[in-house]
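What follows is a short report on a single structure.
When reading the values below, keep in mind they use all heavy atoms of this one structure, side chains included, and skip hydrogens, waters and symmetry mates. Indexing begins at 1, ligand by ligand and atom by atom, following the structure's order.
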Amino acid sequence: MTFDLFADHDLQQPDRLDRIGEQAVVLRGFALPWVDSLLAALTPVLRQSPFRQMQTPGGYTMSARLSSCGALGWTTDHQGYRYSSVDPLTAQPWPAMPEVFLALAEAAASAAGFNTFVPDACLINTYCPGAKMSLHQDKNERCFDAPIVSVSLGLPAVFQFGGFSRSDTAQRISVFHGDIVVWGGVDRLRYHGVLPVKTGHHPLLGEQRLNITLRKAG
Ligand code: MD6
Ligand code: FE
């Protein structure tokens with residue numbers, strides 16, 4: 001057996017910033033000091049609004065399972081994509097946005113050059129091995145002035161970051177446990193997606209990739 005001392009994730013610097021667009025960056029390892037408190041806050045959120053599979057308006061079943069917290073949550077079904085203040089699964093308001101999510105979102109946005117980011121919506125996705133997210137734009141938000149802050153946890157994945165039309169060639173960026181991708185400004189409406197997650201086992205999260213995306217939707 002070879003000793004994989006210099007795998008990509010071992011070379012991560014705690015304060016590395018990789019620029020992937022004029023106003024888009026990957027903050028390597030930025031969430032690592034926050035992981036324990038993020039996961040602790042996530043448990044009651046997911047008890048109240050559990051992960052569920054959703055249908056796209058075109059009739060496909062999404063492979064990632066989703067939930068939300070915050071004033072607004074995101075859902076999709078045969079009627080379309082939308083934000084709403086009530087979780088259709090529970091017929092209750094979405095769980096409140098944990099303070100630690102707000103604090104991390106603000107800190108990450110600021111490190112990426114976006115000041116005073118106050119998200120009102122948080123999408124939580126779990127990807128089991130094989131699950132993916134096809135190229136899409138995040139455009140259900142009321143306005144596009146605020147950035148998207150996307151926290152990767154658990155199994156690694158390849159994040160695709162494309163152009164302004166679906167057919168534009170996309171950069172492929174490996175994202176690891178603790179990395180945060182922030183895109184906004186001129187890059188806010190870029191197509192992006194996630195290639196099928198490879199099988200693996202993460203010491204904290206097991207056989208899954210978790211993604212927490214913070215937005216200002218309303
Ligand atoms: C990611 N997720 O999982 C990126 N967008 O790294 C997304 O871009 C995304 O998970 C809209 C709705 C759900 C998502
Ligand atoms: Fe997205």
Side-chain angles (χ1 to χ4, degrees), residues 18 20-21 24-31 38 42 45-46 49 51-58 60-70 72-77 80-84 87-88 94 101 104-105 108 112 119-142 144 146-166 168 170-184 187-198 202 205 208-217:
D18 292 342
I20 59 172
V25 298
V26 185
L27 305 171
R28 297 293 180 184
F30 194 93
L38 289 176
L42 204 51
V45 164
L46 292 172
S49 280
F51 286 128
R52 77 292 304 264
Q53 251 176 334
M54 293 190 194
Q55 314 293 321
T56 67
Y60 291 96
T61 300
M62 291 181 70
S63 54
R65 294 181 305 133
L66 272 68
S67 186
S68 288
C69 63
L72 295 169
W74 186 87
T75 54
T76 169
D77 61 18
Y81 306 108
R82 64 193 163 278
Y83 282 99
S84 59
D87 177 354
W94 296 99
F101 287 24
L104 177 58
D120 56 11
C122 173
L123 275 69
I124 309 152
N125 311 295
T126 179
Y127 298 73
C128 61
K132 65 179 177 63
M133 181 82 58
S134 301
L135 282 174
H136 66 278
Q137 294 169 294
D138 290 356
K139 58 177 185 189
N140 297 128
E141 297 74 23
R142 190 213 291 271
F144 306 129
I148 303 281
V149 171
S150 172
V151 184
S152 290
L153 297 170
L155 290 178
V158 177
F159 181 72
Q160 298 173 286
F161 196 62
F164 300 100
S165 94
R166 193 188 302 277
D168 291 348
Q171 301 177 63
R172 291 181 170 197
I173 301 138
S174 291
V175 285
F176 300 94
H177 181 70
D179 289 350
I180 302 186
V181 189
V182 183
W183 64 99
D187 293 319
R188 176 61 179 72
L189 288 174
R190 282 189 186 274
Y191 275 85
H192 57 280
V194 178
L195 293 181
V197 170
K198 286 192 184 154
H202 187 271
L205 288 161
Q208 68 173 322
R209 170 173 186 263
L210 267 184
N211 178 253
I212 297 175
T213 318
L214 296 133
R215 303 115 187 276
K216 177 160 169 42

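No side-chain heavy atom of F101 sits less than 4.5 Å from a side-chain heavy atom of V45.
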Criterion salt bridge (Lys or Arg N to Asp or Glu O under 4.0 Å) on R52 and D87, from CA distance to verdict: CA-CA 11 Å; R52 77 292 304 264; D87 177 354; 2.7 Å; yes

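Looking only at its N/O/S atoms, D138 has OD1 as the one nearest to the Fe ion (ligand 2). Among the heteroatoms counted here (N, O or S) of H192, NE2 is the one nearest to the Fe ion (ligand 2).
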What short N/O contacts, under 3.5 Å, does ligand 1 make with the protein, listed by atom pair and distance?
residue  : atom   : partner : partner atom : Å
ligand 1 : 3 (O)  : Y127    : OH           : 2.5
ligand 1 : 3 (O)  : R209    : NH1          : 3.0
ligand 1 : 3 (O)  : N211    : OD1          : 3.2
ligand 1 : 5 (N)  : H136    : NE2          : 2.9
ligand 1 : 5 (N)  : D138    : OD1          : 3.3
ligand 1 : 5 (N)  : R215    : NH2          : 3.4
ligand 1 : 6 (O)  : R209    : NH1          : 3.3
ligand 1 : 6 (O)  : R209    : NH2          : 2.8
ligand 1 : 6 (O)  : N211    : ND2          : 3.4
ligand 1 : 8 (O)  : H136    : NE2          : 3.2
ligand 1 : 8 (O)  : H192    : NE2          : 2.9
ligand 1 : 10 (O) : N125    : OD1          : 3.4
ligand 1 : 10 (O) : N125    : ND2          : 2.5

Report, one line per pair, each donor and acceptor closer than 3.5 Å where one atom sits in a side chain of residues 122-134; sequence neighbours left out.
residue : atom : partner : partner atom : Å
N125    : ND2  : N211    : OD1          : 3.2
T126    : OG1  : Q208    : OE1          : 2.6
K132    : NZ   : S134    : OG           : 3.2

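To the nearest 0.5 Å, atoms CG (D18) and CD (Q171) are separated by 10.0 Å.
Residue L104 forms a side chain to side chain contact (heavy atoms under 4.5 Å, CB included) with just one option from L214, L38, V149, I212, and that option is L38.
Checked against side-chain hydrogen bond (donor to acceptor under 3.5 Å, both in side chains), Y191 has the following partners two or more places apart in sequence or in another chain: Q137. Applying the side-chain contact (heavy atoms from CB on, under 4.5 Å) criterion to A112, with sequence neighbours excluded, gives V25, F114, V182.
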